[in-house]
Amino acid sequence: RRTPSATWRKSMNATAIARVDADEKAGVKPRLERLELLASSYVKMNDAAGQSYVLDKLLVYYPKKEYWADAIRRVAGRPGFPDSLQLDVLRLQEATAGFNNASQYVAMAQVALRIGAPAEAKRVLDKGYAAGVLGSGPDAAEQKKLRDTATKQAADDEKIFAQNAKAAAGAKDGSGLLSTGYAMVCAGHFDAGLALMEQGIQKGGIDRPDEAKLHLAIAYLAAGQKEKAITAFKSVQGSDSTTDLARLWLMHAQRSSG
């Protein structure tokens, strides 16, 4: 049996894409079988752009956990992906593909602690314990130690939020307002935290402005302000990994806003 030529595959792919586009224009959900066949064809052709196109469609119409895991892995695995976005990747994974094992809960908690968001670490660890994934087995003692650390640091943060906000307001740039606000949002102080983040971005002088917009958008989503989150995700423009990650977050926000 002859192997289909690249020319034949391109022709068939173009036909399939035309049908997907026609379905979308008609307000009809593209067939899963067609999208999966198109995805398989692009994989065989080693066409990364084509694979991304189909994966986006699958996320929109058939947002299975494995599709989300694949999309997140593709973005986070690109060369030069910044460590500063790692928590945002883990948050997106938690919200879409979910966590399946203890190491994922622990990894997210460790990253959150490292960037100064102990309340986020505590939330994730508490969730892992509630799910019965953490707290037993050979790593139980280390998991408890991590949880105790997160709990203590989160309590300590509560005592100095006002002090940190005052100090950040007097700084020359908005970085302190942004980080303090972000920490407060993680702790559940949505209104006060979002206000500080908005002030920080308006003040300017931030090293990575697109990353700041991404964090504000995620904070809006966490606070249930989905329309603001969608607008903020769309404002992240550029050619780096921040924009790629914002696009995935946008798809998740749009999906959850309906």
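Being a predicted model, the structure only gives us computed values, none of them experimental.
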Classify the angle between the aromatic ring planes of F233 and W249 as parallel (below 30°), tilted (30 to 60°) or perpendicular (above 60°).
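Ring orientation, 0 to 90° scale: parallel.
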My understanding is that only one of L37, V54, L55 makes a side-chain contact (heavy atoms from CB on, under 4.5 Å) with Y42; could you say which?
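The passing option is V54.
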Within a strict 4.5 Å, meaning less than it, do heavy atoms of the [X] and [Y] side chains meet?
X: D156; Y: K159; value: yes
X: H215; Y: E211; value: yes
X: Y62; Y: K29; value: yes
X: E120; Y: M108; value: yes
X: K64; Y: L58; value: no

Residues [X], [Y]: salt bridge by 4.0 Å N-O rule:
X: K25; Y: D21; value: no
X: D70; Y: R74; value: yes
X: K145; Y: E142; value: no

Sequence neighbours left out, what passes side-chain contact (heavy atoms from CB on, under 4.5 Å) with A219? Give chain and number order.
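Partners of A219 by the side-chain contact (heavy atoms from CB on, under 4.5 Å) criterion, ordered by chain and then number, come out as V185, L194, M197.
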Between E24 and Y61, do the side chains contain an N or O donor and an N or O acceptor separated by less than 3.5 Å?
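Yes, because at least one side-chain N or O of E24 sits under 3.5 Å from a partner of the opposite role on Y61.
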Donor + acceptor pair across side chains of N13, S41 (<3.5 Å):
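A donor-acceptor contact under 3.5 Å links the two side chains.
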